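Everything numeric here is computed off the predicted structure, so don't read it as measured data. In what follows, every chain begins at residue 1, and chains take the letters A, B, ... in the order their sequences are listed.
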Amino acid sequence: MPELPEVETIARSLRVGNGDSPSLIGAQILDAKLLWHKTLATPSESEFRHRIQGQTIESIERRAKYLQINLSEDVLLIHLRMSGDLVAGEGTEPLGKYPRLVFTLSKGLQLCFTDARKFGRVWLVEDPLTVLDKLGPEPLDPEFTPAVFAARLQARKRQIKPLLLDQGFLAGMGNIYTDEALHLAKIHPATRADQLEPKQGAALLATIRTVLNEGIRRNGASIDWVYRGGEFQNQFQVYQRTGEPCLQCGTPIARMVIGQRGTHYCPRCQVPVGV
DNA sequence: CACGAGACCTGTTCGC
DNA sequence: TGCGAACAGGTCTCGT
């Protein structure tokens, strides 16, 4: 489920708590139980348990689609990939289906990493940059300007959709929000990046921010059986609406495969240019 | 550098 | 109803 808005939603709820989820700030990690060995990217399981025991959760933030949990000595990084989730609560029995890594915390709390498809990964490192150093700019960073974004587009020949999904080019976009942003910007997903007018490129960053902010405002999107409780799925204009009328022009939404990803677009609003 | 295919995994939904 | 195929919010690696 996790693109930037979903990860941001999780980071916020772990940080400040919400209805059924307690804030984890200040909690101490008493132990960690690894239930699927590949979930832990580094270090080894024994070193992981040894190092993390006794550390306190000092702050929680998000970088791209990574959750960054700053501990008293180290940094815990979590990537949810396709089906990962984090559930905080009370008790020692793992919360939720498909638990892969369970942290026992002080105050009778636990943090449970669940992940049906087992793609998610967890790192415990001293320096987060050893994991995060290849990431591109944050789309919501106000210092990242539309002009800079447009200029970076001009230097690339790739199709715009795979380029937006490239985390080294721009960090945090996933399949849903990319399709939605391109539709809002009226750009065909197969358009070559360097074929976009600088004006279009600048406008594209604006629509990216629009859909991301709207996603965050609605606590992310919940679709299929990987449920999170967000409501952004009700705002989809194209994603998973193949054959349904475009809400702008009535033309049936089309689906094609670009970069091995299902891609949804309006063939009338998003006219192919230089494809 | 760009691009495609294959891996990594499991669960749900679709088509016959 | 049953069964295989297709599909799923992500990313890595390898070959061309």
Side-chain angles (χ1 to χ4, degrees), chain A residues 1-11 35-42 62-67 77-86 96-101 113-123 131-136 152-182 189-195 208 211-212 214-216 218-243 255-264 274-275:
Chain A
M1 43 122 335
E3 298 181 33
L4 187 155
E6 288 75 28
V7 179
E8 178 67 26
T9 299
I10 294 173
L35 280 57
W36 175 252
H37 73 288
K38 283 190 173 181
T39 292
L40 185 59
T42 191
R62 176 195 61 74
R63 169 74 171 110
K65 300 174 193 171
Y66 290 82
L67 227 102
L77 293 167
I78 302 176
H79 197 302
L80 274 18
R81 296 279 173 92
M82 291 289 262
S83 60
D85 199 358
L86 284 165
K97 274 181 150 186
Y98 318 111
R100 307 299 180 199
L101 178 60
F113 172 72
T114 64
D115 186 16
R117 290 178 71 180
K118 301 177 174 174
F119 289 160
R121 290 293 180 270
V122 173
W123 298 256
V131 178
L132 308 178
D133 63 342
K134 294 202 171 66
L135 289 173
R152 287 172 58 113
L153 289 175
Q154 293 300 307
R156 299 300 208 104
K157 295 178 183 176
R158 292 178 76 180
Q159 295 176 309
I160 186 64
K161 166 149 180 180
L163 184 60
L164 292 180
L165 289 174
D166 183 340
Q167 302 296 299
F169 180 77
L170 185 67
M173 295 296 284
N175 210 34
I176 294 177
Y177 293 90
T178 298
D179 281 4
E180 294 296 323
L182 287 171
T191 308
R192 273 175 46 165
D194 63 357
Q195 301 287 309
I208 286 170
V211 297
L212 291 177
E214 191 63 11
I216 292 170
R218 297 182 184 271
N219 298 318
S222 315
I223 55 182
D224 295 343
W225 49 284
V226 188
Y227 179 69
R228 266 309 294 180
E231 296 295 336
F232 185 66
Q233 67 278 10
N234 300 321
Q235 315 301 314
F236 290 168
Q237 303 288 303
V238 289
Y239 187 77
Q240 281 193 344
R241 294 196 62 245
T242 308
R255 180 185 185 276
M256 64 187 294
V257 175
I258 300 182
Q260 294 151 249
R261 308 300 302 276
T263 299
H264 314 76
V275 175

pi-stack flag for F119(A) and dT11(C), centroid dist under 5.5 Å, interplanar under 30°: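 No.
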5'-most by nearest nucleotide on DNA chain B - R117(A) or G259(A): G259(A)
Could you state the [atom1]-[atom2] distance from [X] to [N], rounded to the nearest angstrom?
X	N	atom1	atom2	answer
M82(A)	dA7(B)	CE	P	17 Å
F169(A)	dC1(B)	CZ	P	13 Å
I176(A)	dA8(C)	CD1	P	11 Å
L165(A)	dC3(B)	CG	C1'	14 Å
E3(A)	dA8(C)	CD	P	13 Å
R261(A)	dG9(C)	CZ	P	5 Å
K118(A)	dA7(B)	NZ	P	18 Å
D85(A)	dT10(B)	CG	P	18 Å

Taking only side-chain N and O atoms of [X], does any of them lie within less than 4.0 angstrom of OP1 or OP2 on [N]?
X	N	result
H79(A)	dG10(C)	no
Y98(A)	dT10(B)	no
K38(A)	dC8(B)	no
R158(A)	dC3(B)	yes

Describe the nucleic acid contact of [X] in one word from base, sugar-phosphate, nothing, applying a heavy-atom distance below 4.0 Å.
X	result
Q260(A)	base
Y177(A)	nothing
R255(A)	sugar-phosphate
R156(A)	sugar-phosphate

Both K65(A) and G262(A) contact DNA chain C. Which one's nearest nucleotide lies toward the 5' end? G262(A)
Watson-Crick or G-U counterpart of dA5(C), or none if no pair lies under 3.5 Å: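 Its partner is dT13(B) (Watson-Crick or G-U wobble, both distances under 3.5 Å).
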Complementary nucleotide of dT16(C), counting Watson-Crick and G-U pairs under 3.5 Å: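 Pair assignment: dT16(C) / dA2(B).
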Between [N] and [M], how far is it from one [atom1] atom to the other, in whole Å?
N	M	atom1	value
dC12(C)	dG11(B)	P	24 Å
dA5(C)	dG6(B)	P	16 Å
dG4(C)	dC9(B)	P	23 Å

Please check: side-chain N/O of [X] versus main-chain N/O of [Y], any donor-acceptor pairing under 3.5 Å?
X	Y	value
R121(A)	K38(A)	yes
Q240(A)	V238(A)	no
R100(A)	D115(A)	yes
E8(A)	A64(A)	no

Can R241(A) be said to sit on top of F236(A)'s aromatic six-ring, NZ or CZ under 6.0 Å from centre and within 45° of the ring axis? no
Check every atom of dT11(C), dC8(B), dT10(B) against the side chain of Q167(A) and return the nucleotide holding the closest atom. dT11(C)
Parallel, tilted or perpendicular: rings of F232(A) and Y177(A) (30°, 60°): parallel
